[in-house]
Amino acid sequence: MTVRLPGPGLQPTPSRAWPPRSCRPCPCSLSPMAGNVEAAAPVGARPERDTKARSGWRGGARIWEETEQRAKKLKSGPDADQYRKLPKRKVVLLMGYSGKGYHGMQRNVGSSQFKTIEDDLVAALVQSGCIPENHGEDMRKMSFQRCARTDKGVSAAGQVVSLKVWLIDDILEKINSHLPPHIRILGLKRVTGGFNSKNKCDARTYLYMLPTFAFAHKDRDAQDESYRLSADTLRRVNALLARYKGTHNFHNFTSQKGPREASARRYVLDMFCEEPFVREGMEFAVIKVKGQSFMTHQIRKMVGLVVAVVKGYAPESLLERSWGEAKVDVPKAPGLGLVLERVHFDKYNQRFGSDGLHEPLDWTREEAGAAAFKEQHIYPTIVSTERQEGSMARWLSTLPVHDFDATAHAAAGLGAKTPSPPGDSD
């Protein structure tokens with residue numbers, strides 16, 4: 001045993017074990033059965049520091065802050081403890097809304113200047129107790145996704161959104177009680193946890209309602225309410241609309257795509273015009289189009305080009321040329337008559353619709369409610385707005401300004417163009 005060397009005048013003393021035997025704990029007191037004593041660390045092991053015990057008042061402050069934060073979170077909404085005990089599940093909501101007065105469907109977080117449909121929807125979800133307030137501020141927290149992003153003034157009778165909510169009692173009635181009458185939740189269904197309404201949608205069906213005087217020849221009064229669509233004109237309209245069916249390059253029908261972008265190619269399953277009907281003395285018709293997906297303004301330009309051809313402003317050959325790479329002047333019909341009627345989930349229904357756990361997303365039971373909503377809120381708004389503002393008549397008056405022959409002349413000139421001599425510039 002090593003001893004410390006004594007200094008001058010000091011006698012060496014043998015080293016003693018420390019602590020004395022009288023102070024050593026009894027081995028029986030270290031029994032694992034003792035609940036308030038930790039087992040001794042192995043020989044040579046480095047003991048861990050009790051950071052919480054050694055942190056002094058700082059640890060106490062940290063615990064106090066955490067407790068205060070938890071208390072603040074519980075105060076964020078009424079009955080927070082009750083809501084936290086409810087199951088949060090992924091669902092889809094079937095929506096109907098009149099888009100007049102709104103700047104589209106999608107919410108612009110942080111901007112209160114332009115009101116959207118989702119602004120009213122999210123506010124109703126928070127107020128009804130379906131989602132916490134912070135989910136309304138950050139929609140990603142509830143995995144929110146819309147099936148279609150409708151533009152300014154566009155309505156819907158079959159919009160579908162997916163999100164996670166607390167399944168409270170009477171959930172539809174409570175949400176609708178906080179919504180204006182021109183926005184309704186028509187149905188709710190449970191879906192798989194990873195469901196995304198945009199990505200799982202196979203096709204979308206839109207309708208476009210317009211006064212039939214839009215198909216009158218250009219030599220006739222631009223807003224003749226006595227005009228009635230003839231059977232021959234209706235057949236011609238449907239023949240032109242049918243030419244859109246199939247896959248085409250629709251880069252001229254939007255401002256977002258170039259002629260060589262693969263995403264500009266879109267598949268149209270069907271497009272036709274139904275029999276006309278009279279509302280408040282004015283005749284209207286409904287054009288329906290079903291496709292996998294549509295680009296911004298694509299449907300309005302598809303309708304606009306057919307109207308220009310039927311009225312005699314543009315040649316029929318312009319439809320074929322509009323699918324080429326050359327730039328074509330395609331007029332854009334007003335947004336007032338455009339309505340998202342239905343979205344389709346055929347592949348999802350085939351996989352999950354009959355598994356015994358999930359319902360098919362076919363909305364058969366909700367069709368009557370959707371039809372009633374259109375008759376009560378969408379169609380009357382289109383008719384009254386057309387009568388008051390004359391949006392279709394005003395747009396028709398702009399058709400002579402378009403140069404529908406520009407691409408034809410450019411193509412002819414391009415064919416007759418001779419090569420430039422070397423060294424010359426274009």
Side-chain angles (χ1 to χ4, degrees), residues 95 97 99 102-108 114 116-118 145-161 196-210 240-273 286-309 314 318-347 395 398 402 404 407:
M95 293 184 62
Y97 53 84
Y102 290 88
H103 287 257
M105 170 71 179
Q106 186 173 2
R107 189 182 189 198
N108 300 313
F114 302 109
T116 67
I117 299 294
E118 289 179 5
Q145 184 58 259
R146 69 205 64 79
C147 187
R149 185 178 56 189
T150 53
D151 298 329
K152 176 184 176 181
V154 177
S155 302
Q159 173 74 279
V160 170
V161 298
N196 182 302
S197 59
K198 180 181 178 181
N199 297 340
K200 296 297 183 181
C201 182
D202 304 310
R204 298 156 178 85
T205 296
Y206 284 83
L207 65 83
Y208 190 89
M209 181 176 171
L210 74 170
L240 292 171
L241 294 175
R243 294 172 69 175
Y244 283 122
K245 292 194 293 185
T247 303
H248 302 286
N249 188 336
F250 285 99
H251 76 93
N252 277 310
F253 294 78
T254 184
S255 59
Q256 299 179 338
K257 304 293 181 182
R260 298 187 180 182
E261 291 187 51
S263 58
R265 297 181 63 83
R266 299 297 166 113
Y267 179 48
V268 176
L269 286 84
D270 199 7
M271 193 169 187
F272 61 92
C273 182
V286 170
I287 296 174
K288 289 191 175 182
V289 55
K290 180 180 180 181
Q292 285 184 336
S293 61
F294 299 95
M295 297 176 290
T296 303
H297 302 153
Q298 179 183 342
I299 297 175
R300 292 166 61 186
K301 288 201 168 194
M302 293 168 71
V303 173
L305 184 54
V306 169
V307 169
V309 172
L318 192 63
L319 271 78
E320 300 289 342
R321 285 193 277 115
S322 67
W323 301 324
E325 291 191 3
K327 184 67 177 176
V328 173
D329 186 5
V330 179
K332 180 177 62 180
L336 174 64
L338 187 59
V339 180
L340 174 61
E341 185 179 49
R342 188 174 181 181
V343 291
H344 308 266
F345 300 96
D346 296 335
K347 292 182 180 178
W395 174 75
T398 67
H402 292 267
F404 298 109
T407 52

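The chain is numbered in sequence order, starting from 1. Heavy-atom basis, side chains included; hydrogens, waters and symmetry copies ignored. Everything numeric here is computed off the predicted structure, so don't read it as measured data.
For the pair Gln292/Arg266, no side-chain contact is recorded, criterion being any heavy-atom separation below 4.5 Å from C-beta on. Within the 4.5 Å cutoff, no side-chain heavy atoms of Lys152 are placed close to those of Val154. Residues Lys198 and Cys147 fail the side-chain proximity criterion, which asks for heavy atoms closer than 4.5 Å. The shortest side-chain heavy-atom distance between Ile117 and Gln106 does not fall under the 4.5 Å cut-off. Val161 places none of its side-chain heavy atoms less than 4.5 Å from the side chain of Gln145. At a threshold of 4.5 Å between non-hydrogen side-chain atoms, the residues Phe404 and Val309 do not count as touching. In this structure the side chain of Ile287 reaches within 4.5 angstrom of the side chain of Leu241, judged on heavy atoms. Proximity of Lys347 to Lys200: side-chain heavy atoms (C-beta onward) are nowhere separated by under 4.5 Å.
A donor and an acceptor atom, one from each side chain of Ser263 and Lys257, are located under 3.5 Å apart. Side-chain N/O atoms of His402 and Asp329 include a donor and acceptor closer than 3.5 Å.
Counting non-hydrogen atoms of other residues, nucleotides and ligands closer than 6.0 Å to CZ of Arg243 gives a total above 12.
Put simply, the residue from Arg149, Arg107, Arg146 that forms a side chain to side chain donor-acceptor pair (under 3.5 Å) with Glu118 is Arg146.
For residues 247-256, the pairs satisfying side chain to side chain donor-acceptor pair (under 3.5 Å) are Gln256-Thr296, with sequence neighbours left out.
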Hey, mind stepping through Tyr97 and Thr150 against side chain to side chain donor-acceptor pair (under 3.5 Å) and telling me if it holds?
CA-CA 11 Å; Tyr97 53 84; Thr150 53; 2.8 Å; yes
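Nearest heavy atom pair, residue Gly258 against residue Ala264, reads O-CB, 3.9 Å.
Classified by interplanar angle (parallel below 30°, tilted 30° to 60°, perpendicular above 60°), the ring pair Phe253/Phe250 is perpendicular.
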